[in-house]
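So the structure is just underneath, and the comments pick up after that.
In what follows, every heavy atom counts, from backbone to side chain, and hydrogens, waters and symmetry copies are set aside.
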There are 2 protein chains.
Amino acid sequence: MQAIRGIIGYALRRAQLSVFDDLIQTLEEFHLRPANFSVLYVINENPGLNQSEISSALGIQKTNFVQVVDRLEKAELIKRCRAKHDRRSHALYLTDKGAELFYKAREQHKQHEKRMIERLGPNGREQLLPLLWRLTSE
Amino acid sequence: MQAIRGIIGYALRRAQLSVFDDLIQTLEEFHLRPANFSVLYVINENPGLNQSEISSALGIQKTNFVQVVDRLEKAELIKRCRAKHDRRSHALYLTDKGAELFYKAREQHKQHEKRMIERLGPNGREQLLPLLWRLTSE
DNA sequence: TATTGTTATACTCTATAACTATA
DNA sequence: TATAGTTATAGAGTATAACAATA
């Protein structure tokens, strides 16, 4: 083995790029990038969170998150609603069209996830996930 | 746990960004980005490889690799040498200055690696690396 | 014809500073 | 004074097409 393959950051980066190659291809037919999909995913699970809450949960800066939300709103997949209790913040919801697209994309995403689990082999996912979250300083 | 944390690609991406935060800070004093460091790393181990060999080993496209090599050559850390047997190709070598900087950077990088191993806990690295390389389709 | 390296270019992602409206 | 969201902008990183020199 080349010594560089023993470097954690290098191995991580190569794995991430490889997984995203498959993921990007998987989501292409829905015109969704991985970040867009993750936003729909969180909104679907937690409708009504505001932009700051979602962007910080996803590790996206609020300033960059604006464009992501703009794009998804323009595509009529989500809607911004002024919160009554704090009129500065925008609660985010899936539109019907957004929910429909998300459910289809999620089905394809499940197939992607199966492919990755096959790459990992028996118990690979169960070993990998906690290690990755230990690396992630939040 | 939020369901999204169970998605392999998402966990990978978050871990990679977190590790790179530390790595970028570690290499900052040497004015090296992670990609620059990886190039010096490979040249130090395999002096005389040509640009195509190094870029493909690192998963960087040859067209983008030109700018990386330009920058490192302008900083006098590496030099391009026309190969005698194939005058199209450029063999890459560390300069004395490049070797000196690389050894210092590698010392700091070892500390970075120790910090990541601490995050992972006992046997974490030994479990993680083979899983990551199984995910990487090369 | 094919390959190595190159240029030009465009697109995405990410980072910073400064602003507005509300609190 | 602080916070949620926004705009403008600049810098990385990455992707494609077309080319010259050499094989």
Pair of N/O donor and acceptor under 3.5 Å linking C:dT14 base with A:Thr63 side chain: no
C:dT12 C1' sits how many Å from A:Leu32 CG, rounded? 15 Å
Donor-acceptor pair (no angle test) under 3.5 Å: B:Ser89 side chain, D:dT22 base: no
B:Arg82/B:Ser89 under side-chain hydrogen bond (donor to acceptor under 3.5 Å, both in side chains): CA gap, chis, key distance, verdict: CA-CA 6 Å; B:Arg82 284 271 171 216; B:Ser89 71; over 6 Å; no
Using whole Å, report how far CG of B:Asp86 lies from C1' of D:dA21. 10 Å
Take A:Gln51 and B:Arg87, find for each the nucleotide of DNA chain D with the closest heavy atom, and name the residue whose nucleotide sits nearer the 5' end. A:Gln51
Show, in sequence, the C-alpha distance, side-chain angles and deciding distance for A:Lys79 and A:Asp96, and conclude whether the salt bridge (Lys or Arg N to Asp or Glu O under 4.0 Å) test is met. CA-CA 10 Å; A:Lys79 50 180 182 286; A:Asp96 291 347; over 6 Å; no
Assess whether ring-ring contact (aromatic ring centres under 6.0 Å, His included) is satisfied between A:Phe102 and A:Phe37, documenting all intermediate values. CA-CA 8 Å; A:Phe102 172 66; A:Phe37 180 74; 5.6 Å; yes
A:Asn50 has its side chain closest, among D:dG5, C:dT7, D:dA23, to D:dG5
Contact under 4.0 Å: A:Arg33 side-chain N or O vs D:dT14 OP1/OP2: no
How long is the line joining NZ of A:Lys62 and P of C:dT14, in whole Å? 18 Å
Nucleotide C:dT4, atom P - distance to CD of B:Gln67 in whole Å: 19 Å
Separation of atom CD1 in B:Ile24 from atom P in C:dC13, rounded to whole Å: 17 Å
Between C:dC13 atom C1' and A:Arg71 atom CZ, what is the distance in whole Å? 14 Å
Of B:Ser52 and A:His85, the one whose closest nucleotide on DNA chain C sits nearer the 5' end is B:Ser52
Going by the side-chain hydrogen bond (donor to acceptor under 3.5 Å, both in side chains) test, name the single residue among B:Arg88, B:Lys84, B:His90 that passes it with B:Asp86. B:Arg88
A:Arg88 side chain: which of D:dT7, C:dT6, D:dA4 is closest? D:dA4
How many whole angstroms separate atom CZ of A:Phe65 from atom C1' of C:dC13? 15 Å
Expressed as a whole number of angstroms, how long is the span from A:Arg82:CZ to D:dG5:P? 8 Å
Any donor-acceptor pair under 3.5 Å linking the side chain of A:Thr95 with the backbone of A:Glu76? yes
Identify which nucleotide among D:dG5, C:dG5, D:dG13 has an atom closest to any side-chain atom of A:Arg13, counting heavy atoms from C-beta outward. D:dG13
